[in-house]
Visitor: 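Sharing a structure below in C-alpha cells format, with a few things to ask.
If you're wondering where the values come from, they're calculated on a predicted model, not measured in any experiment. Note that these values count all heavy atoms, side chains included, but never hydrogens, waters or copies made by symmetry.
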Amino acid sequence: IVTFTGKVNKQAAVGETVTITVGGPIEEAVVTTTGVDGSFSVDFVAGIAGDYTGQAHIDEDAQFLAADSNIVSFTISKEVRAITLDVTIP
C-alpha cells in the first residue's frame, strides 16, 4: 500500500475533489477530497511490482484555476517468498 498525501494552498470549499493519476504497471486514478486545511490523503494498492509515478490534480472552481502537483516517482519491490523442502526416510 502506498499513501499519497498533499495539500491545496487555496480552496473554495472543504471537500473539493482531488484526483491522483498513477502511472506504471498499473494505471489508475485514485480520488479523494480535501479537508478543512486543504490537506488530502488516499491509499493506493499496487498489486504488481515496478516503477510508478503519481500526480495530483484539482479542477477549476468558482474562485480558483485548476492545478497539478509535481510528479512523484516510487518503486514497489517484489515481495520476499520462501520455499521449504523436507525429506522423510521410512
Visitor: What distance do Ile20 atom CD1 and His57 atom NE2 have between them, rounded to the nearest 0.5 Å?
Guide: 12.0 Å

Visitor: Mind checking the CG-CZ spacing from Asp51 to Phe74? Nearest 0.5 Å is all I need.
Guide: 9.5 Å

Visitor: With respect to Val18, which candidate in Thr34, Asp59, Val42 satisfies the side-chain contact (heavy atoms from CB on, under 4.5 Å) definition?
Guide: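 One option only clears the test, and that one is Thr34.
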
Visitor: If you look at every heavy atom in Ser41 and Thr5, which pair is closest and at what distance?
Guide: OG-CG2, 3.6 Å

Visitor: Just do the side-chain contact (heavy atoms from CB on, under 4.5 Å) check on Asp68 and Gln55 with the steps written out, would you?
Guide: CA-CA 7 Å; Asp68 293 310; Gln55 183 176 36; 3.7 Å; yes

Visitor: Tell me, with the steps shown, if Phe4 and Val72 meet side-chain contact (heavy atoms from CB on, under 4.5 Å).
Guide: CA-CA 10 Å; Phe4 292 107; Val72 296; 4.2 Å; yes

Visitor: Could you check whether any side-chain heavy atom of Tyr52 comes within less than 4.5 Å of a side-chain heavy atom of Val2, counting everything from C-beta outward?
Guide: no

Visitor: Less than 4.5 Å apart, any side-chain heavy atom of Ile58 and any of Thr17?
Guide: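 The answer is no, as the side chains (C-beta and beyond) never meet within the 4.5 Å cut-off.
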
Visitor: Between Lys7 and Asp37, is there a side-chain heavy-atom distance shorter than 4.5 Å?
Guide: yes

Visitor: Between Ile76 and Ile48, is a side-chain contact (heavy atoms from CB on, under 4.5 Å) present by the stated rule, with each step listed?
Guide: CA-CA 8 Å; Ile76 302 296; Ile48 299 174; over 6 Å; no

Visitor: If you measure from OG on Ser69 to CZ on Phe40, what distance do you get to the nearest 0.5 Å?
Guide: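 One gets 6.5 Å once the value is rounded to the nearest 0.5 Å.
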
Visitor: So, do Thr19 and Val30 sit near enough that their side-chain heavy atoms are less than 4.5 Å apart?
Guide: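 No, their side chains stay 4.5 Å or more apart.
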
Visitor: Measure the spacing between CZ of Arg81 and CD1 of Ile83 and express it to the nearest 0.5 Å.
Guide: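 Rounded to the nearest 0.5 Å, the CZ-CD1 separation comes to 7.5 Å.
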
Visitor: How long is the span from the CG atom in Asn70 to the OG1 atom in Thr53, to the nearest 0.5 Å?
Guide: 11.5 Å

Visitor: Write down the atom of Ser77, the atom of Ala49, and the distance for their closest heavy-atom approach.
Guide: C-CB, 3.8 Å

Visitor: Minimum heavy-atom separation for Val36 to Gln11, with atom names?
Guide: O-NE2, 3.4 Å

